[in-house]
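Starting from 1, each residue takes its place in the sequence as its number. Computed from heavy atoms alone, side chains included, the values below leave out hydrogens, waters and symmetry copies.
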Amino acid sequence: MENKLTVKNLRISFRTSNGKVQAVRDISFDLAKGETLAIVGESGSGKSVTSKAILGILAGNSIVESGEIIYDGKDLLKISEEDFHKIRGDKIAMIFQDPMSSLNPIVRIGKQLTEAMLLKGKARQRESKKTFNSYLKSLNEAMIKNNPSEADRLTESCKKFDKFEFKHIELESAYKKAKEAADENTDDIDKIAFELEKKSAGKDAVDRLKDIAKQAKDSLNTYVIDPAKYENEIKTLSSKLLPTFKAARKSLEYRPVLDILYRIRELTTEAEGKPIPNFFRMGYYLTFSGKELPDMPVEEMNAYMKDYLDKDFMLAFISDAEGALKYSANETYGNMKEAITALNAALSVYSKENLDMKESYDTQKSLAAVVKKAIDPLAIVKDSLSFTFAPSLKSEVDSYFNGIAANKKALKKYARDKKKYDRIIASGKQAGWELAEPNVTDLELVKENISRLIHRLIDHYDEALAAADSRNYDAETVDVINYLMTNASGVVDKVTRRIAKHRAIKLMDEVGIAEPHKRYRQYPFEFSGGMRQRIVIAIALAANPDILICDEPTTALDVTIQSQILELINRLKEERQLSVIFITHDLGVVANMADRVAVMYAGKIVEYGTSEDIFYHSAHPYTWALLSSMPDLDTNEKLEAIPGTPPNMIYPPKGDAFAPRNKYAMQIDFERQPPMFKITDTHYAATWLLHPDAPKVDPPKAVVDRIARMNSKRGIKDE
């Protein structure tokens, strides 16, 4: 199954006045496409810190000590804020616990829904234009390096490509505007016609009919609703629609209004089945042939224009582009070999017992330069390891040398505090405060991180060089042309206020808000808590993200509304093929929605498995404790509270963090952290109870009884 997100060896701490709090301690997990991963644990277990790290919104006093968060080939811990801006809210969206923390109380819901669409739409247009121009320039440069004797012809060829793309963009833009208006009308007419037939249209009917009339006129386009045939009829229908409705409103006899709506609907239905011209080919034909478009059916015209484009331009351009790709790749492979030599040499610099500052920074700068040369400018999918290597290495080197100075201060402060503490204790008094361990940087860990960075890039380059002969440059050249075409189309993918409003209303309807046209203009205080959370979900879905992070989204809601919101998230996940990270302190909330569950305690994942594994075959005492504390309508037994409190993570425990609260704890639990034991291919738990030498311990009776009741409901007999 394709992974959408991978978290590896993540460690996050926070600087505080009392010392360094270790919030997340070396956790790893994957999120597959279309699955729900629940992260469950008490407050302070590190769940929300993990989610905020994924979204790049950690607090300013956070320290990412190690790890990776890989999305779309990029390490989210290493990319710039500018790059993160393209991902946050667009590709990865988040729903927070309190909907009012996500909504502006004095701004209408409609504006809050559309504002992000408009801003993101403009940003995507700018990015598409920038990408198209920069890539075409790089392609031209590589063409010339590969064939310098034909530099003038190759430059002219790229200019020609750029020129007819303007016409392509103009044609496609006009078509998209008309098609979007027609599609919107199809939905809008169906809804209001149903209401008119039932005589239940709301007060917003006038505004909705105005939108339908305008959208009908905006649908006029040769390849949508042909103005040559229907312009006069569409204008007549549009002008009659509102007066006819106002005249019919008193008698509630809406048949004349419905007749107009159904005729417009017939025309939009006809538009739905029309073949789409290839505007890329059309742009070239109209720019360079000097002729009008041939009078023939669209499918025949597409084939005719393809033949013209191929013979006159495209076949030669593809050949030149393929030569450029091969040249650029071979140059990059040579640079990779040089980079491997430099990276291997640098390992000795960073493996010394005490790093030399000048040597370390000089090496860091030289490695940054040699790795930059090993990035292929014509690669469509950018090499994230190479791109993030330089800032990652500098960050680690900075951490080492800043840490030396900071450690001296921290140890000096610790010695001073300890002397004071010892003096108070020696006098027989109570100190009244705890002596915090010194807040020091682990210099050996930093050196390990540097070594890991270098080794990982060496391995990456070795793999790329080994696969060099198996590359399919024919297919890659086609991908390049499609990449340029896609970005050219992105320039015209404009989100207007009308489009944003229509999408917002559709989203409101999708998340279960009744009368969305009316409620679009309301303020957050006019909605109930559950409805506000639905609005927040709609905002999160506005950019059609890949990943949805739900951070305790039902905690502030009553039980009935909780169920509705959970059902909504489940439905949206299936319909939109979303990957969901669901964060909660309550195992019961995710019983019927999680595909896999990660149980966290004191910053670590202590058990990890499928929903079946966790609910029916749990192995960690902390998971047993969570299951025992879940309410159950099928029993009158008293819930079991988990004794004690989570540890203070300024003073992380030496052994298993749950040991002081665990009635099954053994001596080793207080001395050594347990490894993650494999139970099955899908199920892992970090408890010494799984060691072959550990005594056999059965789950508590409350858990055994709960499993029996759940199996009984499923029609499964106990073994």
Side-chain angles (χ1 to χ4, degrees), residues 121-140 143 153-183 218-228 271 274-322 324-325 378 380 475-496 499:
K122 290 177 182 176
R124 282 193 291 269
Q125 281 186 288
R126 289 194 298 269
E127 185 63 24
S128 293
K129 184 175 182 180
K130 178 182 175 183
T131 301
F132 177 86
N133 291 334
S134 62
Y135 192 89
L136 189 60
K137 180 182 178 184
S138 296
L139 183 63
N140 187 24
M143 285 178 175
R153 179 185 68 80
L154 295 169
T155 299
E156 186 58 34
S157 180
C158 287
K159 286 181 178 178
K160 203 171 185 180
F161 190 98
D162 189 27
K163 185 176 181 180
F164 80 81
E165 274 297 348
F166 279 104
K167 190 64 178 176
H168 162 208
I169 289 170
E170 176 190 322
L171 294 165
E172 188 170 356
S173 179
Y175 171 80
K176 281 190 172 183
K177 180 183 176 183
K179 188 68 170 65
E180 180 100 30
D183 291 344
D218 288 343
S219 301
L220 291 168
N221 178 281
T222 304
Y223 305 104
V224 184
I225 297 178
D226 190 353
K274 283 190 174 182
I276 304 171
N278 187 305
F279 295 108
F280 178 78
R281 300 170 191 169
M282 188 184 288
Y284 185 85
Y285 187 87
L286 290 175
T287 303
F288 296 111
S289 72
K291 303 174 184 176
E292 295 291 325
L293 289 173
D295 184 13
M296 56 180 68
V298 170
E299 293 93 336
E300 290 181 28
M301 183 175 68
N302 284 343
Y304 174 83
M305 291 188 299
K306 180 182 185 302
D307 185 61
Y308 181 86
L309 173 62
D310 285 347
K311 290 177 180 177
D312 199 61
F313 174 77
M314 189 52 70
L315 293 179
F317 185 84
I318 288 173
S319 176
D320 293 332
E322 184 171 341
L325 285 177
L378 295 187
I380 294 173
E476 287 186 31
T477 306
V478 172
D479 289 341
V480 163
I481 303 301
N482 289 335
Y483 182 67
L484 287 167
M485 288 168 58
T486 298
N487 279 284
S489 295
V491 176
V492 303
D493 193 13
K494 186 177 182 181
V495 180
T496 63
I499 291 171

**Prompt:** With a 4.5 Å heavy-atom cut-off, do Leu309 and Met305 have their side chains touching?
**Reply:**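 A side-chain contact under 4.5 Å is absent here.
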
**Message:** I'd like to check Leu378 versus Val480 (side-chain heavy atoms, cut-off strictly below 4.5 Å). Are they in contact?
**Reply:**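 No, side chains not in contact.
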
Working to the nearest 0.5 Å, report the span between [atom1] of [X] and [atom2] of [Y].
| X | Y | atom1 | atom2 | answer |
| --- | --- | --- | --- | --- |
| Glu165 | Asn133 | CD | CG | 10.5 Å |
| Ile318 | Thr477 | CD1 | OG1 | 7.5 Å |
| Met301 | Asp295 | CE | CG | 10.0 Å |
| Asp218 | Glu180 | CG | CD | 11.0 Å |
| Leu286 | Leu293 | CG | CG | 4.5 Å |
| Met314 | Ser157 | CE | OG | 8.5 Å |

So that I can tick it off, tell me whether [Y] and [X] are bridged by a salt bridge, with the cut-off set at under 4.0 angstrom between side-chain N and carboxylate O.
| X | Y | answer |
| --- | --- | --- |
| Lys274 | Asp226 | no |
| Glu156 | Lys160 | no |
| Lys167 | Glu170 | yes |

Show the nearest heavy-atom pair for residues [X] and [Y], with the distance to one decimal.
| X | Y | result |
| --- | --- | --- |
| Pro227 | Leu220 | CA-CD2, 4.1 Å |
| Leu136 | Cys158 | CD2-O, 3.7 Å |
| Ser134 | Thr131 | OG-O, 3.2 Å |
| Gln125 | Gly490 | CG-O, 3.6 Å |
| Ile169 | Ala488 | CG1-O, 3.5 Å |
| Ala182 | Ser219 | N-OG, 3.2 Å |

**Request:** Could you label the plane-to-plane angle of the Phe317 and Phe161 rings as parallel, tilted or perpendicular, counting under 30° as parallel and over 60° as perpendicular?
**Result:** parallel

**Prompt:** Heavy-atom count around Lys179 NZ within 6.0 Å, excluding the residue itself: above 12?
**Reply:**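 It does: Lys179 NZ has more than 12 such atoms within range.
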
**Message:** Go through it in stages, so that I can follow the logic: the residues are Phe280 and His168, the test is ring pair (Phe, Tyr, Trp, His ring centres under 6.0 Å), and I'd like the CA-CA distance, side-chain angles, deciding distance and then a yes or no.
**Reply:** CA-CA 5 Å; Phe280 178 78; His168 162 208; 5.8 Å; yes

**Request:** Would you list the pairs meeting side chain to side chain donor-acceptor pair (under 3.5 Å) in which at least one residue belongs to residues 302-312, sequence neighbours left out?
**Result:** Tyr284-Asp312, Lys306-Asp310, Asp307-Lys311

**Item:** Flag, side chain of Asn487 to backbone of Tyr483, donor-acceptor distance under 3.5 Å
**Value:**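 Pair found, side chain donor or acceptor close to backbone of Tyr483.
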
**Positive for ring pair (Phe, Tyr, Trp, His ring centres under 6.0 Å) with Phe279, one of Tyr175, Phe166, Tyr285, Phe164** =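 Going through the options one by one, the only one that passes is Tyr175.
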
